[in-house]
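Step one of this worksheet: look at the structure below.
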Amino acid sequence: MLFGDGPGLIDSRPRYHGTRFVRSAIAGLVLSVALNGGLPAAGFTFGALGDMPYTWFEEITFPDMLAQIGREELAFVVHVGDFKKAEVPCSDELFQQRRRWFDLVRHPFIFVPGDNEWTDCSRIQAGGYDPLERLAKLRELFSADNESLGQHRIGLARQSPDYPEHARWRHGDVLFVTLNVPGGANNARLMPDEFRSRSAAVARWMEQSFKLAREAKLGAVVLFMQANPWAAPTGRYFGYRELIAALGKETLAYDGEVLLVHGDTHRYRVDSPLRDPATGGPLANFTRVEVFGSPGLNWVRIRVTDDAGRIGFEVTPGN
């Protein structure tokens, strides 16, 4: 497995090999080569979804939605977590079934853990599992190597053996980054030691990723996570205070565009909730997209544009 705590970044261009796509997995690639290797230019589209399927009806129709996504011309697809309702048992069988569904998608597919898949698994209705054991199972099934899921796969650099769900890849002039930040106060109340350790890893991964983007003069950084950190007053959802502060700091220090894609509160929206601590106004180079969630069985289409060297995003519902 290739891990990305160092300066290198994997070249994620797929190449055809036999009957499936694989990528040139070049471990320890020199930064200047990896970030200036002729990757596709802006003008591509990717898909995002999350917080589904929850109900029996959604279970029946979800594969059809994945098939419809597969007919689109997309660079990749990201599920930002909560692939089941919190009260549904966190069984190995369900996890394996979701993995099989994700692998049916024609495009590279990346999954980011949500609280329903691990922090909430200690609930009696969810089976009374140990959350850390369930997170280990998610890592085994969804982030065990340096490839995405899906029929056509891309290379991913992963943070470390302890946090392989923290991944990044480059497409065009954009760096894409995944973060394990679940809803439900970021597990800060239930498991404070776990919260502190993972939050430190999240902060390091985000800081390193923005550093890579600045050094390579990339036009945008896109972050994916499950939680909506603005879902409630920070006095209640204190598990996101440091995250919002770090995100604001990195955005202020970055000349390009920053896009955060998340789920959690099941309300499709495109806005700019991140504030400049000095002025209180919204940061001009930051945009937030929240994906649809149950019962709205839909996905989000995000087109990356290039206007005279300035990266932009056009966000529309998939259906």
Trp101, Phe109, Phe95 screened by ring-ring contact (aromatic ring centres under 6.0 Å, His included) with Phe83, the one that passes:
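Testing each of Trp101, Phe109, Phe95 against Phe83, the sole residue satisfying ring-ring contact (aromatic ring centres under 6.0 Å, His included) is Phe95.
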
Does the plane of the ring in Phe62 sit parallel, tilted or perpendicular to the ring in His79? Use 30° and 60° as the thresholds.
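Aromatic pair Phe62/His79 classed perpendicular.
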
Would you call the rings of Phe224 and Phe176 parallel, tilted or perpendicular if under 30° counts as parallel and over 60° as perpendicular?
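Ring orientation of Phe224 relative to Phe176: parallel.
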
Can you get from [X] to [Y] by hopping between Ile, Leu, Val, Met, Phe, Trp and Tyr side chains that sit under 4.5 Å apart?
X	Y	value
Trp299	Phe57	no
Tyr54	Phe292	no
Tyr163	Trp118	no
Met206	Phe195	no
Val300	Val261	yes

So [Y] and [X], do their side chains get closer than 4.5 Å, heavy atoms only?
X	Y	result
Leu175	Ser209	yes
Phe111	Arg99	no
Asp92	Arg134	yes
His171	Val304	no
Asn228	Arg288	yes
Leu132	Glu194	yes
Thr55	Lys85	no
Pro113	Gln226	no

[Y] backbone acceptor or donor facing [X] side chain under 3.5 Å:
X	Y	result
Asn298	Asn319	yes
Glu117	Gly114	yes
Arg301	Pro317	yes
His166	Gln159	no
Gln151	Leu104	yes
Ser148	Ile154	yes
Asn285	Gly256	yes
Tyr240	Asn186	yes
Arg158	Asp145	yes
Arg198	Asn180	yes

With a 4.0 Å cut-off on N to O distance, would you call [X] and [Y] a salt bridge?
X	Y	value
Asp103	Arg98	no
Arg204	Glu207	no
Arg267	Glu290	no
Glu215	Lys211	yes

Got a second to check how far [X]'s [atom1] is from [Y]'s [atom2], nearest 0.5 Å?
X	Y	atom1	atom2	answer
Ser143	Leu138	OG	CG	8.0 Å
Met65	Gln68	CE	CD	8.0 Å
Ile124	Tyr129	CD1	OH	12.0 Å
Cys121	Leu135	SG	CG	9.5 Å
Leu218	Phe210	CG	CZ	11.5 Å
Glu250	Leu283	CD	CG	12.5 Å

List the atom of [X], the atom of [Y], and the distance in Å for their closest heavy-atom pair.
X	Y	result
Pro182	Ala227	O-CB, 3.3 Å
Asp115	Asp82	N-OD1, 3.2 Å
Gly219	Tyr254	C-OH, 3.4 Å
Leu297	Met52	CD1-SD, 3.5 Å
Pro282	Ser272	CB-O, 3.6 Å
Val80	Gly263	CG2-N, 3.7 Å

Is there a side chain to side chain contact (heavy atoms under 4.5 Å, CB included) between Leu274 and Ile244? Walk through the geometry before answering.
CA-CA 8 Å; Leu274 189 61; Ile244 292 175; 3.9 Å; yes

Looking at Asp255, I'd like to know if its CG atom is crowded, meaning that more than 12 non-hydrogen atoms belonging to other residues, nucleotides or ligands lie closer than 6.0 Å.
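Atom CG in Asp255 is not crowded, with 12 or fewer foreign heavy atoms closer than 6.0 Å.
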
Using only heavy-atom distances, determine whether the side chains of Glu58 and Ser294 contain a donor-acceptor pair under 3.5 Å.
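There is such a pair (donor and acceptor under 3.5 Å, judged by atom type) between the side chains of Glu58 and Ser294.
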
Show the numbers, then the answer: is there a salt bridge (charged side-chain N to carboxylate O under 4.0 Å, His left out) between Asp307 and Arg310?
CA-CA 5 Å; Asp307 183 7; Arg310 186 73 184 183; over 6 Å; no

Determine whether Thr45 and Glu72 satisfy the following criterion, side chain to side chain contact (heavy atoms under 4.5 Å, CB included), listing intermediate values before the conclusion.
CA-CA 9 Å; Thr45 303; Glu72 298 270 340; over 6 Å; no

Worked check of side chain to side chain contact (heavy atoms under 4.5 Å, CB included) between Thr178 and Trp169:
CA-CA 9 Å; Thr178 64; Trp169 66 100; 3.8 Å; yes

Apply side chain to side chain contact (heavy atoms under 4.5 Å, CB included) to residues Phe44 and Val174 and explain how you reach the verdict.
CA-CA 10 Å; Phe44 62 91; Val174 183; 4.2 Å; yes

